[in-house]
Amino acid sequence: MPTAAETTIVQARNLQKSFKRDSFEVKALDDVSIDIAEGEFLALMGPSGSGKTTLLNMIAAIDRPTGGELLVMGENIFRLSDQQSAKWRNEKIGYIFQSFNLIPVLTAFENVELPLLLTKLNKQERRDHVLTALKLVGLEDRVHHLPKQLSGGQEQRVAIARAIVTDPQILLADEPTGDLDSHSAAEVLEIMTRLNQDAKKTVVMVTHDPHAAAYAHLTRHLEKGMLLPA
Amino acid sequence: MTLLHFVGKNALRNHRRSAMTVLSIGFSLLLLTFLVSLWHAFYQDAGPPDDALRLLTRHRVSLSFLLPAYYRERIRKVPGVVAVVPWNWIGNHYKDDKPEHFFAQYATDPDEVFQVVSDWTIPPDQLRAWQQDVSGAAVERRLAAAQGWKLGDHLFLQKNLYPVDLELTVRAIYDAPPEASALLFNWKTLEAGNTFLRDKTDTFLLRVDAPASVPAVEAGIDTQFRNAPAPTRTETQKAFQLDFLNSLGNIKAFIIAIAAAVGFAILLVSGNTMAMTVRERTREVAVLRTIGFPRRMILGLFLGEAVTLALVGGMLGILGARWLIAGVAASPQLTLFAGFFRRARVTLPTVLFGLLVAACVGLLSGLVPAYRAARMNIVAGLRHIG
């Protein structure tokens, strides 16, 4: 738990998520309460189906709990309309996927530019932001490459650039190194560490990999939808 | 990059499928534009101003019944009639049965016909030469060029509908609108060759002094011959052609039915394409939603993509229809309906109508898939394997 001096950026209380599969009720999250401090680098670990990604998706406001309360940056994000929550995600959240999820017909530059198309920035401002983001991940020389012309590690770095281009406060990463070789994984984790330390981003990373979790300040484990004691 | 640029890139993502969709929509729009242009030519285009001054008188019952030649002078006496000539369609063969050698031939009176068709032009010396040679012929300039005729050429037109061979000499070359391309010759030549046709014609072509006189002239002529052995029907050239056309069946219903079927078919084709597109991009949609694209923007992206493809197809189809209409109009096989087809044009309102139809097809076909994409559950979309 953060100390009083630390600002809590995510505050979950008794979060529950259950759904029906055939005649069984499955609890993806079972009474999860957690506080994440601003500037934290938190790793969420646990076996498959333990609820890690569900918790991450709730913080990103792309999934809704069936019970409990979640405040992100002091806001009850589930009270926002679709339009408002989309805007909120665009401004406050950077999401990094396991399988990169770049748009195959867009170049690295255009992929990174996508979130900025929703802002009021003009073309030159967007260009500056995109080039800065690509430079931060060391891909300033790959701006016109299509995803298929990049290695897996480079694709994930473009995905990170896309996640940070709007300068969000929270970076959510769902198994960001799951599809990468160890060298590329280390590069990606170095970048995320830099973003946490230098750019003061709060990072929440879901991972199976203890090596990846070692980059985090704090690791929490989930099992069968429950958060194990720290 | 702009959102429009993004829409364009998505529309062209699957080259083969986009091309097939564009071609399907294009072909359908080609048919639709062609039909609309024909509709316009058939039922809306008034034609050149002089057409409104020209009437045709025929047998009330059928074209297969001929009118006596003496009707001509009685028609002339109807107030408002400026000039009247026999106008007998002859379908003789030239050289062979090949379509390129088929053209309209009319037996008429060289002394008066250019008073009826006074908007056509003929050099005075050539008109005199035609009038002085009973076996002379006047040929429309494009027809002469197509057949390679020049003044003084001898033509042999073999009997077909009427049992009379014609040996004619080209004495004049006149200029007329494309739909009036024909060979004219002296009706006395026809009479001389066959007693059945003596003092008879299938129609009279006449000119009235003003468009306002048309109803009175039509009524005046037809009333005069109502109880005669050969009752008449007088109408404008266009009405005459439409009557002829309608004898083939309900052309309006035919055109509407085909247009509706074409519209429905392209809706299905385009709808299927968009449904496949959305299904394939389920995960991408979820990613876009995750990075902040609101539902209405997802809806707009997919609708924009559907409309873009439909409009590209529509433009190709409209261009194709222009080409098709020009090709059909230039076809030597056109005879009976040459007037309509050669008058058919892809007008600006037709182009706009075609583009509107294409845009509507895009919107309607994209609506359901785009709505589904916009309403997609983000988490389920991210899990989608496709």
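Nothing here was measured: the structure is a model prediction, and the numbers come from that model.
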Participant: Should A:I62 and B:L382 count as side-chain neighbours, where that means a heavy-atom distance under 4.5 Å?
Facilitator: yes

Participant: Look up atom CG in A:L102 and atom CD in B:E284, then write down how far apart they are to the nearest 0.5 Å.
Facilitator: 9.5 Å

Participant: Given a strict heavy-atom distance threshold of 4.5 Å, which part of A:L118 is in contact with chain B: side chain, backbone, both, or neither?
Facilitator: side chain

Participant: Taking the side chain as every heavy atom from C-beta outward, state whether A:L117 and B:M297 have any atom pair closer than 4.5 Å.
Facilitator: no

Participant: Is it the case that over 12 heavy atoms from other parts of the model lie below 6.0 angstrom from the CZ atom of B:F27?
Facilitator: no

Participant: Measure distances from A:D63 to the heavy atoms of chain B and classify the residue's part below 4.5 Å as side chain, backbone, both or neither.
Facilitator: both

Participant: To the closest 0.5 Å, what do you measure between CG (A:L172) and OG1 (B:T290)?
Facilitator: 10.5 Å

Participant: More than 12 foreign heavy atoms under 6.0 Å from CZ of B:R296: is that the case here?
Facilitator: no

Participant: Considering residues, nucleotides and ligands other than B:K9, do more than 12 of their heavy atoms fall under 6.0 Å from its NZ?
Facilitator: yes

Participant: Would you say the side-chain atoms of B:R295 pair up with the backbone N or O of A:A86, donor to acceptor, closer than 3.5 Å?
Facilitator: no

Participant: Nearest 0.5 angstrom please: A:R64 CZ to B:N377 CG, how far?
Facilitator: 11.0 Å

Participant: So which part of A:R162 gets closer than 4.5 Å to some heavy atom of chain B, the side chain, the backbone, both or neither?
Facilitator: side chain

Participant: Out of curiosity, B:L3 CG to A:L114 CG, how far, rounded to the nearest 0.5 Å?
Facilitator: 8.5 Å

Participant: Using non-hydrogen atoms only, which part of A:F97 is less than 4.5 Å away from chain B: side chain, backbone, both, or neither?
Facilitator: side chain

Participant: Rounded to the nearest 0.5 Å, how far does CD of A:E110 lie from NE2 of B:H5?
Facilitator: 5.5 Å

Participant: So for atom CZ, which belongs to B:R322, do other residues, nucleotides or ligands contribute more than 12 heavy atoms lying within a distance under 6.0 Å?
Facilitator: no

Participant: To the nearest 0.5 angstrom, please state how far the CG atom of B:L288 sits from the CD1 atom of A:I103.
Facilitator: 4.5 Å

Participant: How about B:M20: does its CE atom have over 12 heavy atoms from other parts shown lying under 6.0 Å from it?
Facilitator: no

Participant: Heavy-atom count check: over 12 atoms from other residues, nucleotides or ligands less than 6.0 Å from A:R127 CZ?
Facilitator: no

Participant: Please check: side-chain N/O of A:E113 versus main-chain N/O of B:M1, any donor-acceptor pairing under 3.5 Å?
Facilitator: yes

Participant: Using non-hydrogen atoms and a 4.5 Å limit, figure out which bit of A:S85 sits close to chain B: side chain, backbone, both or neither.
Facilitator: neither

Participant: Is a side-chain donor or acceptor of A:N57 paired with a backbone partner of B:V379 at a separation under 3.5 angstrom?
Facilitator: no

